[in-house]
Amino acid sequence: MERTLPLIVFRSKVKGLIRMNDTIVGSVSQNEPLTAPVSPSCIFYIAFEPLENPHNCAYLPFSRAFQFLDGKLLRQEQNSCIRIGIWPDGVYHLHITPPMVLLESREAVLPRSVCQKDWEMVRGRPFVATVFEDNGLNLAIEDRLTERMHYLYPLKGAEGKVSIENINTGAGVCGDLAVRVKSDYAEWLYITAYDGKKILPLFSHEGWAFETGKGYIKRISSGRKPTMLQSMEIWSIENCVASLKTQSTGFFSVERKRPETPEDAVTGFLEALRMGSENETMGYIAPKLKNGLAFDDLQEFLGGFTEITKPLWASGTESGVRLALEFPQTENSYMVRIFIFEVTRSSNTHSAFLIENISED
């Protein structure tokens, strides 16, 4: 596929209007992308104007400058509003997330207490832990005697049923405090410890299930589709510091699901490779490809990607399963490589289809 001009593909979290060099190009949204060619060597300006706003919020317009040289986009400054996907053949995928502000309500919205629990510190000094809602969930710990606030921590991303409990990981000089936030699909665990002088954040992670004990924390992740493969981490606790000790993969709290379609088989293979599960990965390889092929070879050829997506365009000679892999470049940009996986039907219990060839498109 040859193209003489770079092509910009816009996609936006909210519906909005795109201007390029003060000329209206069109409207864009998450499900309605917008494409525009640009000169191989130029500086151009993009302006985004939101066309919709949620209740009590307002998306803000913004503009950015971009520069191309000999058909390549030059490195841009870090930009929280635009995430750039660098695709083959001079295609650049710009994901737009405009800045947002909360609008003032006519009625004052005060912080709302969700739950509280006493926390007995050294020498029985009484502290109280409060999870409250104020633009998201937050944890506050204060001294009951002095009414002085000692700790304030936002529980970023957490949503669901909240509970506070006293646990003992042996991290601090007294029992530790754990906040669990459970939803239907995940659990968030936040642990704080007291080192004799101050309260410290010890552990903050999302997962499917957690177990805590003297000197350790066990974290099991949510299962990754299609097989529901999970990772399990064991964290050791010492001197108020949590360190990852071991990591493994398997099906610890769920049953494995057998992929029944070619795309599910390839996705299951890629998820297993991404998570570093050698046995699960090699189970998808057909005998004719497995000869002389090692897990390390697959990691070298395909490893390092963070996301699996569908290509933006068809190849015209579609054969096998064609998927795009995202490889991170900077905080807000990634490189895309497209691969074709040829599969054959299988009767084994691992997968209904096995991979007999892999090539880069």
Side-chain angles (χ1 to χ4, degrees), residues 1-21 23-52 59-100 263 266-267 270-271 274 302-318 321-341 359-361:
M1 182 178 179
E2 295 183 1
R3 182 178 294 110
T4 56
L5 296 177
L7 185 68
I8 306 293
V9 180
F10 297 97
R11 199 180 296 269
S12 174
K13 179 181 177 181
V14 298
K15 189 169 185 178
L17 193 68
I18 295 289
R19 295 177 184 267
M20 294 179 66
N21 293 339
T23 299
I24 294 177
V25 180
S27 65
V28 64
S29 67
Q30 186 67 31
N31 299 319
E32 297 175 334
L34 178 67
T35 59
V38 295
S39 173
S41 296
C42 66
I43 297 176
F44 67 95
Y45 299 88
I46 293 174
F48 177 83
E49 300 173 19
L51 296 177
E52 62 181 8
Y59 289 107
L60 303 179
F62 70 93
S63 59
R64 293 291 184 271
F66 291 87
Q67 182 177 1
F68 276 92
L69 183 63
D70 297 331
K72 294 187 180 296
L73 180 65
L74 300 185
R75 185 180 294 276
Q76 302 297 306
E77 294 180 2
Q78 295 300 322
N79 185 341
S80 60
C81 296
I82 298 179
R83 186 168 177 258
I84 304 171
I86 305 167
W87 287 69
D89 304 309
V91 176
Y92 295 85
H93 197 186
L94 271 57
H95 306 254
I96 296 172
T97 304
M100 183 184 72
E263 188 163 317
V266 173
T267 303
L270 290 170
E271 286 291 357
R274 186 184 64 81
L302 295 168
F305 65 91
T306 54
E307 295 293 336
I308 306 166
T309 62
K310 291 187 177 181
L312 293 174
W313 62 86
S315 67
T317 57
E318 210 71 32
V321 177
R322 191 165 170 266
L323 290 175
L325 305 183
E326 297 182 4
F327 297 82
Q329 299 289 297
T330 65
E331 185 178 346
N332 289 297
S333 69
Y334 60 91
M335 183 77 71
V336 175
R337 295 168 62 193
I338 300 173
F339 294 89
I340 297 174
F341 302 84
S359 59
E360 188 164 1
D361 194 1

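Here, residue 1 is the first one in the sequence, and each next residue gets the next number.
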Begin with the C-alpha distance, continue with both residues' side-chain angles, and end with the deciding distance and a verdict on side chain to side chain contact (heavy atoms under 4.5 Å, CB included) for F339 and L270. CA-CA 11 Å; F339 294 89; L270 290 170; over 6 Å; no
Give the minimum heavy-atom separation between [X] and [Y], together with the two atoms involved.
X    : Y    : result
P33  : V9   : CB-CG1, 4.2 Å
R11  : H93  : NE-NE2, 3.3 Å
G304 : P328 : O-CD, 3.7 Å
H95  : Y334 : NE2-OH, 2.7 Å
C81  : P99  : SG-CD, 3.6 Å
L302 : F305 : O-CD2, 3.0 Å

Nearest-0.5 Å distance, [atom1] of residue [X] to [atom2] of residue [Y]:
X    : Y    : atom1 : atom2 : value
S41  : Q67  : OG    : CD    : 8.5 Å
L17  : S12  : CG    : OG    : 11.0 Å
F62  : I82  : CZ    : CD1   : 4.5 Å
R64  : I96  : CZ    : CD1   : 10.5 Å
T267 : F341 : OG1   : CZ    : 9.0 Å
I86  : T330 : CD1   : OG1   : 7.5 Å

Sub-3.5 Å donor-acceptor pair from the side chain of R19 to the main-chain atoms of I24, do we have one? no
Any donor-acceptor pair under 3.5 Å linking the side chain of N332 with the backbone of R83? no
Would you indicate whether the side-chain heavy atoms of [Y] and [X] approach each other to under 4.5 Å?
X    : Y    : answer
P6   : P37  : no
L325 : V336 : no
W313 : V91  : yes

Looking at F327, I'd like to know if the NZ or CZ of R337 sits under 6.0 Å from its six-membered ring centre while staying within 45 degrees of the ring's axis. yes
Applying side-chain hydrogen bond (donor to acceptor under 3.5 Å, both in side chains), name anything that partners E263, two or more places apart in sequence or on another chain. none
Are Y92 and F68 an aromatic pair, judged by ring center distance below 6.0 Å? yes
Tested for side-chain contact (heavy atoms from CB on, under 4.5 Å) against V28, the lone hit among I18, V14, L94 is I18
